[in-house]
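Every number for a ligand or one of its atoms is a count from 1 in the order of the listing.
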Amino acid sequence: MNEKIARINQLKKEKNAVIMAHYYVEDEVQEIADYIGDSYYLSEVATKIDADTIVLCGVSFMGESAKILNPSKTVLLPDGNADCPMAHMATVERIEEVRREYEDVAVVCYVNSTAELKTCSDVCVTSANALKIVEALPNKNIFFIPDQNLAHYIADKLPEKNFIFNDGYCHVHHAITAEQIKAAKAERPSAEVLVHPECKPEVTALADYIGSTSGIIAYSEKSSASEFIVVTEMGVMYELKKRNPDKKFYVAGNMQICPNMKKITLDKIIAALENNAPAVELKEDFMKKALAPMERMLELAK
Ligand code: 13P
Ligand code: SF4
């Protein structure tokens with residue numbers, strides 16, 4: 001066994017730690033994870049962990065979510081600078097303004113957001129459950145933060161709701177163009193196009209399947225197609241290929257890389273476990289306030 005992996009296993013035992021990873025991190029990190037999944041799975045599994053320490057291999061909001069759901073545990077982020085820019089693309093001031101303007105508004109917070117934004121929200125969602133949860137809300141007015149693209153995808157399916165949009169976006173998904181998809185499709189006409197809903201509406205319009213990373217992986221196994229154009233961050237290729245060794249997967253461009261997810265390395269996991277740092281630290285009252293919309297999500301998503 002590789003020396004680094006052996007060291008991680010030894011530290012995991014010593015610290016009673018588990019490693020959780022998102023599908024977008026480097027293959028070698030996905031390989032050693034105890035739990036790997038999409039944002040919803042990572043939140044859900046965090047409620048069932050009985051280890052003392054969680055090493056969250058992903059970006060800050062994922063570590064914060066694990067901490068909010070497990071305030072008494074140590075949650076380590078191997079790289080404290082691995083942050084999702086979209087998580088910051090909404091403001092408390094704007095939420096307050098919308099609440100003043102619309103009496104019955106529900107503030108729906110994509111889990112890809114800071115803990116502070118969660119403290120002022122009514123419910124959290126992930127791409128895997130946003131449609132189900134927004135549909136179940138009694139409110140007509142929905143202020144969806146921070147992602148404009150996921151908001152538009154859900155709004156189109158729920159014409160009975162009045163959406164107030166926010167202008168946040170994921171720079172990785174937002175940069176993918178309809179022209180790139182059309183060119184990839186022209187090269188491989190029999191390939192199915194699998195798109196993440198953080199992509200622009202003109203890109204989701206070209207999809208055979210739209211869903212979260214887990215949804216895309218599950219669809220690839222069910223589909224009778226043998227080729228796929230994958231329109232999300234490239235890290236997901238690791239699981240797609242592992243589950244479908246006889247199928248072929250292509251990307252639409254060469255920019256489908258989230259630089260923050262790629263900051264997580266085996267060396268940083270070792271250092272985090274050795275030093276018990278960087279650990280997610282959030283104020284207690286802050287965690288309590290942010291827990292309410294997270295718990296509501298877990299309840300409504302069941
Ligand atoms: P999901 O894995 O929940 O689809 O999230 C995508 C994403 O951008 C996470 O950062
Ligand atoms: Fe944020 Fe996009 Fe990276 Fe996910 S892929 S962490 S949404 S920048």
Side-chain angles (χ1 to χ4, degrees), residues 20-26 29-30 33 35-46 56-66 77-90 108-115 117-118 124-133 144-151 153-154 166-176 194-200 203-204 207 209-220 230-240 243 251-264 294 297-298 301:
M20 291 172 43
H22 188 268
Y23 288 127
Y24 292 164
V25 297
E26 294 285 7
V29 176
Q30 296 194 43
Y35 301 92
I36 167 148
D38 69 358
S39 310
Y40 176 63
Y41 173 81
L42 295 178
S43 300
E44 217 233 336
V45 100
L56 204 303
C57 301
V59 289
S60 310
F61 75 80
M62 295 177 169
E64 288 181 352
S65 298
L77 265 175
D79 187 318
N81 294 318
D83 198 3
C84 167
M86 178 167 69
H88 302 266
M89 291 184 188
V108 177
C109 184
Y110 191 24
V111 78
N112 301 33
S113 56
T114 61
L117 291 172
K118 291 183 177 84
C124 287
V125 296
T126 73
S127 54
N129 56 38
L131 181 59
K132 185 176 174 183
I133 290 178
F144 194 106
I145 57 165
D147 188 17
Q148 57 181 284
N149 291 324
L150 180 59
Y153 171 65
I154 306 297
N166 179 73
D167 56 10
Y169 59 90
C170 159
H171 68 97
V172 182
H173 291 89
H174 201 69
I176 302 169
L194 314 179
V195 178
H196 195 281
E198 285 175 15
C199 292
K200 289 180 190 161
V203 172
T204 49
Y209 174 81
I210 303 166
S212 73
T213 50
S214 293
I216 287 174
I217 291 162
Y219 181 86
S220 73
V230 180
V231 192
T232 187
E233 211 276 351
M234 285 165 75
V236 81
M237 290 291 196
Y238 174 77
E239 189 71 21
L240 285 170
R243 297 219 199 167
V251 285
N254 54 5
M255 299 301 285
Q256 293 171 214
I257 293 174
C258 174
N260 284 294
M261 288 284 188
K262 302 309 188 217
K263 286 180 181 166
I264 312 302
M294 292 285 291
M297 169 181 84
L298 295 170

Looking at [X] and [Y], would you say the former's side chain and the latter's main chain have a donor-acceptor pair under 3.5 Å?
| X | Y | value |
| --- | --- | --- |
| Gln30 | Tyr23 | yes |
| Asn166 | Pro146 | yes |
| Asp38 | Ser212 | no |
| Lys263 | Ala82 | no |

Item to check | Lys262/Glu233 ion pair, N-O < 4.0 Å | outcome: yes
Item to check | Those protein residues which place at least one heavy atom below 4.0 Å from ligand 1 | outcome: His22, Tyr24, Asp38, Ser39, Phe61, Met62, Asn112, Ser127, His196, Glu198, Ser212, Thr213, Met261
Checklist entry - Stepwise, does the side chain to side chain contact (heavy atoms under 4.5 Å, CB included) test hold for Thr114 with Phe61? => result CA-CA 6 Å; Thr114 61; Phe61 75 80; over 6 Å; no
Checklist entry - Between Tyr110 and Phe144, how do the two ring planes meet: parallel, tilted or perpendicular, split at 30° and 60°? => result tilted
Checklist entry - Picking from Thr213, Leu56, Val29, what satisfies side chain to side chain contact (heavy atoms under 4.5 Å, CB included) with His22? => result Thr213
Item to check | Residues Thr232 and Tyr24: side-chain donor-acceptor under 3.5 angstrom | outcome: yes
Checklist entry - Listing residue and atom name, which protein N/O/S atoms are closer to atom 2 (Fe) of ligand 2 than 2.8 Å? => result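 Protein N/O/S atoms under 2.8 Å of atom 2 (Fe) of ligand 2: Cys170 SG.
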